[in-house]
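Notes for the one structure printed next.
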Amino acid sequence: MLPKITAFSTLLLTSSICLAQDVTVTDILDRQVTFDAPAKRVVVGFYPEDYMAIGTEAAYDHVVGMSKYIWQARPANWEMYLEHRPSLDEIPGIGRVDTKTFSVEKVISLNPDLIMLADWQYKGLGSDIERLENAGIPVIVVDYNAQTLERHVKSTEIIGVITGQEERAKKIADEYTQNLSMIQTRIEQANLPKPTVYTEYGAAGVNEIGYTFGKNMWGAISTMAGGDNISAPYVEWWGKLNPEQILAANPDVIVMTGYETGSGDDAMVMGQGVDADLAKSRLAGFKDRTGWSSLSAVENDRMYGAYHGAVRSILDGPMIQFYAQVLYPDLFTDLNPEQAYLDFYKKYLPVMPTGTFVTGL
């Protein structure tokens, strides 16, 4: 069952009546962070598309720095936004936490009112957080990677406060909650056996087992959608299964995820500008893996593809629909996950992607 979440009950908000508009927010790590809201000079460490969806395009009038790589890792998406708003390219980069190129000095030089970091970034920076705070820069932490309803909702509310878009944030969070509630209620009432499911990031191609997911990202989505994730006993967050473990589990459903490009001509590709026939062809190629011809998912053509760029985001509600539909096809004939994904763009973002975001054999 879904936890009960009252709008903004996850946030501690106190604001003064004076012009400074000081706000204190409890972030997802239960840290109380005080800053002026709406913030006028923000560094966005992660979740750049979420920041625009929740804060509106106008929020980027106040972004003075960001870690660009996560957006540029989806080059077609990045170029689409650049075509619409060329000034995004002029926002200074601050480096990456995971490759130890994050520059505290650069962030300080940008004189921000606030820096927003993902949970994993905050933890990865260690003592550098103290350097930022000693420089008078409030650090606030959000998290969509955990792929829990609570953190998705709370992170959305926090971005709403940062950008002065609390009502819009509440609407987006409520829609996400209602979508998940609809899916889980329908599955619970049907009381069917849980199908087993295996998800793999297929960028490495047919001949190399790629990363799978335990209790976050696609692993959490598959569980939220009523699946029995075969990777969960072996992988906590993300990692690779032994090929024999996949064969032994014999999943009912397989989902291969991909970006617009991969490491070879047999890599799974999905996303913006990707032709539907190409996506299906790449997906079909994974049938030829050693031993896979006898898997239930392969024999029954229950193999599917999903866009890797559509996860760990407030935009990923349609991907929960997708998993629910492929796991319980008779329960969710009324859903159109790909259209729901595009509808979010139409409703909350200034651009409209085209391509293949979900597929199946």
Side-chain angles (χ1 to χ4, degrees), residues 2 5 7-8 10-11 38 42 44 46-63 70-71 74 76-85 87-88 116 142 144 147 149-186 221 224-225 260 270-274 306-325 332 334-359:
L2 289 172
I5 297 180
F8 285 85
T10 53
L11 291 179
V42 181
V44 176
F46 213 63
Y47 312 122
E49 202 171 15
D50 298 89
Y51 195 81
M52 185 178 288
I54 298 160
T56 77
E57 184 181 355
Y60 271 82
D61 294 342
H62 304 287
V63 174
I70 191 60
W71 211 340
R74 302 160 61 198
N77 184 277
W78 172 246
E79 290 298 327
M80 173 180 66
Y81 277 97
L82 280 188
E83 184 175 346
H84 172 77
R85 187 182 175 96
S87 61
L88 288 173
M116 185 186 83
V142 295
Y144 291 105
Q147 205 67 55
L149 176 62
E150 181 181 8
R151 286 202 170 192
H152 263 54
V153 168
K154 190 166 186 175
S155 298
T156 301
E157 292 174 348
I158 289 170
I159 294 174
V161 176
I162 294 170
T163 60
Q165 292 289 338
E166 291 96 329
E167 289 186 10
R168 182 181 175 96
K170 179 182 182 301
K171 183 179 180 182
I172 292 172
D174 285 350
E175 289 172 352
Y176 191 92
T177 303
Q178 290 159 10
N179 177 63
L180 182 57
S181 178
M182 174 274 293
I183 290 167
Q184 294 189 333
T185 299
R186 201 179 292 187
I221 280 183
M224 291 166 117
E260 287 81 356
M270 296 290 297
Q272 199 163 329
V274 174
Y307 180 40
H308 201 70
V311 72
R312 64 181 176 195
S313 166
I314 198 62
L315 283 73
D316 63 35
M319 295 298 123
I320 306 175
Q321 289 188 14
F322 173 66
Y323 269 80
Q325 192 174 65
F332 295 101
D334 56 320
L335 299 186
N336 186 338
E338 185 163 77
Q339 187 59 53
Y341 183 67
L342 297 175
D343 285 347
F344 187 98
Y345 276 87
K346 183 176 181 180
K347 194 170 183 179
Y348 293 114
L349 287 160
V351 295
M352 179 57 71
T354 58
T356 307
F357 304 97
V358 298
T359 193

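Side chains are part of it too, since the values below use all heavy atoms of this structure and drop only hydrogens, waters and symmetry mates. The structure displayed is predicted, hence computed values, not measured ones.
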Grab the two heavy atoms, one from [X] and one from [Y], that are nearest each other, plus how far apart they are.
X: Arg168; Y: Ala53; result: NE-O, 2.8 Å
X: Glu338; Y: Phe357; result: OE2-N, 2.6 Å
X: Gln272; Y: Ala76; result: NE2-O, 3.3 Å
X: Ile183; Y: Ala225; result: CG2-CA, 4.4 Å
X: Met319; Y: Ala306; result: SD-CB, 4.5 Å

Could you tell me the separation between the [atom1] atom of [X] and the [atom2] atom of [Y], rounded to the nearest 0.5 Å?
X: Ile158; Y: Arg151; atom1: CD1; atom2: CZ; value: 9.5 Å
X: Met224; Y: Asn179; atom1: CE; atom2: CG; value: 9.5 Å
X: Lys347; Y: Leu342; atom1: NZ; atom2: CG; value: 14.5 Å

Note, Tyr307 side chain near Thr356 side chain (heavy atom, < 4.5 Å): no

Side-chain donor/acceptor of Asp50 to backbone N/O of Ile314, under 3.5 Å: yes

Donor-acceptor contact present, side-chain Gln325 to main-chain Leu335, <3.5 Å: yes

Audit row: Tyr144, Val311, side chain to side chain contact (heavy atoms under 4.5 Å, CB included) steps and yes/no: CA-CA 9 Å; Tyr144 291 105; Val311 72; over 6 Å; no

Centroid separation Tyr51 to Tyr47 less than 6.0 Å: no

Should [X] and [Y] count as an ion pair when the cut-off is N to O under 4.0 Å?
X: Lys170; Y: Glu175; value: no
X: Asp61; Y: Arg85; value: yes
X: Arg74; Y: Glu260; value: no

Tyr81 and Glu49: CA distance, side-chain angles, deciding distance, side-chain hydrogen bond (donor to acceptor under 3.5 Å, both in side chains) verdict: CA-CA 10 Å; Tyr81 277 97; Glu49 202 171 15; 2.7 Å; yes

Gln321 and Tyr341: side chain donor to acceptor below 3.5 Å: no

Distance-only polar pair, side chains of Tyr176 and Asp316, donor-acceptor under 3.5 Å: yes

Side chain to side chain contact (heavy atoms under 4.5 Å, CB included) partner of Gln165, chosen from Ile172, Thr56, Thr156: Thr56

Mutual orientation of the aromatic rings belonging to Phe344 and Tyr348 [parallel < 30°, tilted 30-60°, perpendicular > 60°]: tilted

